[in-house]
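Computed over heavy atoms, backbone and side chain alike; hydrogens, waters and symmetry mates excluded.
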Amino acid sequence: MHPNAPPYYDNNGYQQEYSNIYDNRVPHNVYESYPTPPPPYVSPLPQYLPQVTPHQTVPANQQANSTKWYSSSRKNVRCIVTTIVILAAAAMVTAVLCWYFLSTKCEKKCGTSSTCVKASQWCDGTGHCPNGEDEAYCVRMYGSNFILQAYVSSAWLSVCFEDWNSIYGPMVCQAMGYKKSSYSNYFLESVTTDLKGFASVNTSVSFVKLYTSLRRRDFCPSRKVISMRCIDCGLSTKQAPSSRIVGGTQARIAEWPWQVSLQIKQSHVCGGSIITPDWIVTAAHCVEGPYSSAPLWTAYAGSSKLTGGQASFVERIISHPNYNAETKDYDIALMKLKTSLSFTPSTIKPVCLPNAGMPWTDAQSCWISGWGYTYQGGTTSSVLMAANIPLIDSATCNKPAVYNGIISSTMICAGYLSGGVDSCQGDSGGPLVTKTNNIWWLVGDTSWGTGCANRNKPGVYGNVTVSLEWIYHQMQIWQ
């Protein structure tokens with residue numbers, strides 16, 4: 001964290017070598033055009049003309065009248081035939097275009113592949129996508145109270161307490177990608193106005209998958225819905241401040257127990273956030289190129305110092321398939337640990353992944369933490385630092401004086417336009433968190449910025465919310 005100086009990010013953690021993204025603006029509203037289909041082949045229609053009997057003898061005056069009639073009639077017929085041909089051709093072109101656009105319309109796209117499926121096939125219990133994406137994100141938690149919802153008949157339905165059995169909880173969490181052993185508990189929450197659709201477990205069928213074992217309801221008779229915790233996350237000794245802190249301050253690991261140092265040969269490179277005993281969230285730019293080899297990395301947890309703490313080797317690195325090294329779109333990656341972390345009461349705990357419908361607002365108070373540089377041209381901090389910063393709405397961050405339109409929906413800006421508080425080199429991949437409903441949530445991962453703490457150049461973070469479906473799918477695949 002850096003209080004005032006403007007260094008640039010030039011290492012693997014917060015890389016200045018990607019500064020060319022500011023010279024090559026991301027074009028807006030540039031969509032790949034569908035190839036225009038060739039015009040349909042239209043067979044030429046024969047031109048039928050009135051037949052005149054040859055060698056017919058006609059008086060001179062009658063012959064002249066006949067010639068006029070013949071010419072007029074031929075013109076009329078030609079006009080009629082031409083009109084018919086044009087209308088037929090137009091009808092055929094319209095039919096071909098309608099067929100083309102209807103047949104190529106993609107209701108639901110299978111992840112990053114080009115395969116599309118019907119909306120009715122999404123979460124129907126049968127895999128239609130090549131990698132099973134259509135059956136991967138069919139259960140979720142909603143809001144800060146963790147309301148259990150399932151995707152049924154093209155709608156997210158909250159699960160009523162009626163016919164619920166406690167044995168379903170661990171099964172649901174395991175299907176989402178968590179281990180059964182991490183399951184915490186379920187609770188009952190009152191129905192609120194933002195909950196529109198409901199369902200309850202259909203006890204007349206075997207319970208296999210939640211979203212295929214439900215029956216739709218207009219309301220919950222008990223007026224209670226299921227709230228469920230698949231992992232006990234987001235707990236910290238840190239108390240949210242009532243005012244901003246200028247610059248970074250030294251932090252205790254108990255305040256940020258999900259913070260890890262990701263090291264290569266015992267040298268700190270990037271930060272990361274614990275989301276389960278087996279999974280770390282970090283930035284994709286930390287692990288690109290020669291750094292994409294999992295055996296290089298070791299995660300250190302449970303210590304505010306870079307030396308010490310619980311060490312765990314990395315077994316697998318998975319960068320988001322849509323990550324763009326130039327624009328930093330989808331700058332998020334997952335690390336699967338070879339040995340599960342052992343959680344402790346205070347120093348090693350997971351942060352909560354954001355749920356759908358979180359009530360975050362512009363200027364939401366957040367915190368960043370890490371071992372990054374504290375001044376221009378400095379070195380990695382030997383102790384964990386943390387700073388309080390607000391979110392900045394994308395419209396403000398995309399203003400010409402700030403980042404001039406290159407902030408996409410996969411990014412979040414946070415900091416102060418006046419400068420003074422920011423992430424810096426070595427903080428990359430580390431957490432951007434906020435406290436809501438007495439729980440700490442992972443809003444973003446430290447991605448990039450122009451210098452450190454510069455005026456009108458706040459930090460930019462990967463938007464974790466837009467990658468939730470991908471995160472859970474990876475947890476399911478590599479469970």
Side-chain angles (χ1 to χ4, degrees), residues 107-111 116-129 132-178 180 183-231 352-360 436-437 439 441 465-473 475-476:
E107 294 185 13
K108 287 281 189 177
K109 189 177 180 182
C110 294
C116 291
V117 300
K118 296 179 180 178
S120 60
Q121 295 175 315
W122 207 262
C123 296
D124 65 352
T126 303
H128 301 283
C129 291
E133 296 94 337
D134 57 316
E135 302 296 314
Y137 192 64
C138 301
V139 176
R140 71 180 188 184
M141 305 302 166
Y142 177 85
S144 58
N145 287 326
F146 295 87
I147 304 300
L148 178 62
Q149 293 187 330
Y151 194 75
V152 180
S153 301
S154 302
W156 285 103
L157 307 179
S158 301
V159 180
C160 296
F161 172 61
E162 283 75 18
D163 298 318
W164 180 259
N165 191 309
S166 60
I167 65 173
Y168 300 149
M171 297 170 66
V172 170
C173 289
Q174 186 178 36
M176 290 180 65
Y178 293 96
K180 278 188 176 181
Y183 174 73
S184 177
N185 204 347
Y186 81 91
F187 309 91
L188 301 183
E189 292 288 338
S190 298
V191 173
T192 54
T193 55
D194 60 325
L195 302 180
K196 305 300 181 184
F198 303 94
S200 62
V201 176
N202 186 356
T203 56
S204 63
V205 299
S206 299
F207 188 93
V208 180
K209 298 177 181 178
L210 176 66
Y211 58 99
T212 60
S213 305
L214 295 175
R215 56 181 177 179
R216 195 163 190 155
R217 308 188 75 126
D218 295 328
F219 61 93
C220 296
S222 63
R223 301 294 296 169
K224 299 290 183 180
V225 290
I226 298 296
S227 164
M228 200 167 67
R229 302 289 294 274
C230 289
I231 191 168
C352 291
L353 287 172
N355 294 332
M358 292 302 296
W360 295 329
T436 301
N437 200 19
I439 293 172
W441 308 81
T465 301
V466 301
S467 296
L468 272 182
E469 185 172 344
W470 173 78
I471 291 173
Y472 281 115
H473 192 204
M475 289 169 58
Q476 294 168 29

Do side-chain atoms of Q149 reach the backbone of M141 as a donor and acceptor pair under 3.5 angstrom?
no
Close aromatic pair by centroid cut-off 6.0 Å: W156 and Y137
yes
Could you pull out the closest heavy-atom pair between K108 and W122, with the gap in Å?
CB-CE3, 3.4 Å
For disulfide bond (SG atoms under 2.5 Å apart), just list the numbers for C110 and C116, CA-CA rounded to whole Å, side-chain angles, deciding distance to a tenth of an Å, and then say yes or no.
CA-CA 6 Å; C110 294; C116 291; over 6 Å; no
With a 3.5 Å distance limit and no angle check, can you tell me whether K196 reaches the backbone of T193 through a side-chain donor-acceptor pair?
yes
Between the side chain of D134 and the main-chain N/O of C123, is any donor-acceptor distance below 3.5 Å?
no
Show your reasoning for whether side-chain contact (heavy atoms from CB on, under 4.5 Å) applies to L157 and R216.
CA-CA 8 Å; L157 307 179; R216 195 163 190 155; 3.8 Å; yes
If you round to the nearest 0.5 Å, how far is CZ of R140 from OH of Y151?
9.5 Å
Evaluate N165 against V201 for side-chain contact (heavy atoms from CB on, under 4.5 Å), listing each step before the verdict.
CA-CA 9 Å; N165 191 309; V201 176; over 6 Å; no
Any side-chain heavy-atom pair from V159 and V225 closer than 4.5 angstrom?
no
Distance col, row M475:CE vs C230:SG, nearest 0.5 angstrom, shows 8.5 Å
Looking at N202 and S204, would you say the former's side chain and the latter's main chain have a donor-acceptor pair under 3.5 Å?
yes
Mind running side-chain contact (heavy atoms from CB on, under 4.5 Å) on K224 and C160 for me, showing each step along the way?
CA-CA 6 Å; K224 299 290 183 180; C160 296; over 6 Å; no
K209 to S213 - nearest heavy-atom pair and separation:
O-OG, 2.8 Å
Contact check, side chains of L353 and L468, non-hydrogen atoms, under 4.5 Å:
yes
Before we go on, tell me: are the rings of W441 and F146 under 6.0 Å apart, centre to centre?
yes
Minimum heavy-atom distance between Y211 and G125, given as atom pair plus value:
CE1-N, 4.0 Å
Side-chain contact, heavy-atom cut-off 4.5 Å: T126 with Q121?
no
Verify whether one side chain among Q174 and Y183 offers a donor that lies under 3.5 Å from an acceptor in the other.
no
With side chains defined as the heavy atoms from C-beta onward, is the minimum distance between R229 and I439 less than 4.5 Å?
yes
Backbone N/O of M176 and side chain of Q476: donor-acceptor pair under 3.5 Å
yes
Taking E135 for the side chain and D124 for the main chain, is one N or O donor matched with an acceptor at less than 3.5 Å?
yes
Using a 3.5 Å distance criterion without hydrogens, assess whether the side chain of S144 forms a donor-acceptor pair with backbone atoms of T436.
no
Got a second to check how far F198's CZ is from D218's CG, nearest 0.5 Å?
10.0 Å
Backbone N or O of S200 within a donor-acceptor pair of the D163 side chain at under 3.5 Å?
no
Gap separating the CD1 atom of I147 from the OG1 atom of T192, nearest 0.5 angstrom
6.5 Å
Can you check whether Y186 reaches S166 side chain to side chain, under 4.5 Å on heavy atoms?
yes
Go through the steps to decide whether F207 and L210 satisfy the test side-chain contact (heavy atoms from CB on, under 4.5 Å), and finish with yes or no.
CA-CA 7 Å; F207 188 93; L210 176 66; 3.9 Å; yes
Euclidean distance, R223 CZ relative to E162 CD, rounded to 0.5 Å
10.5 Å
Closest heavy-atom pair and its distance - M228, C173
CE-SG, 3.8 Å
Straight-line distance of Y142 OH to N355 CG, nearest 0.5 Å:
10.5 Å
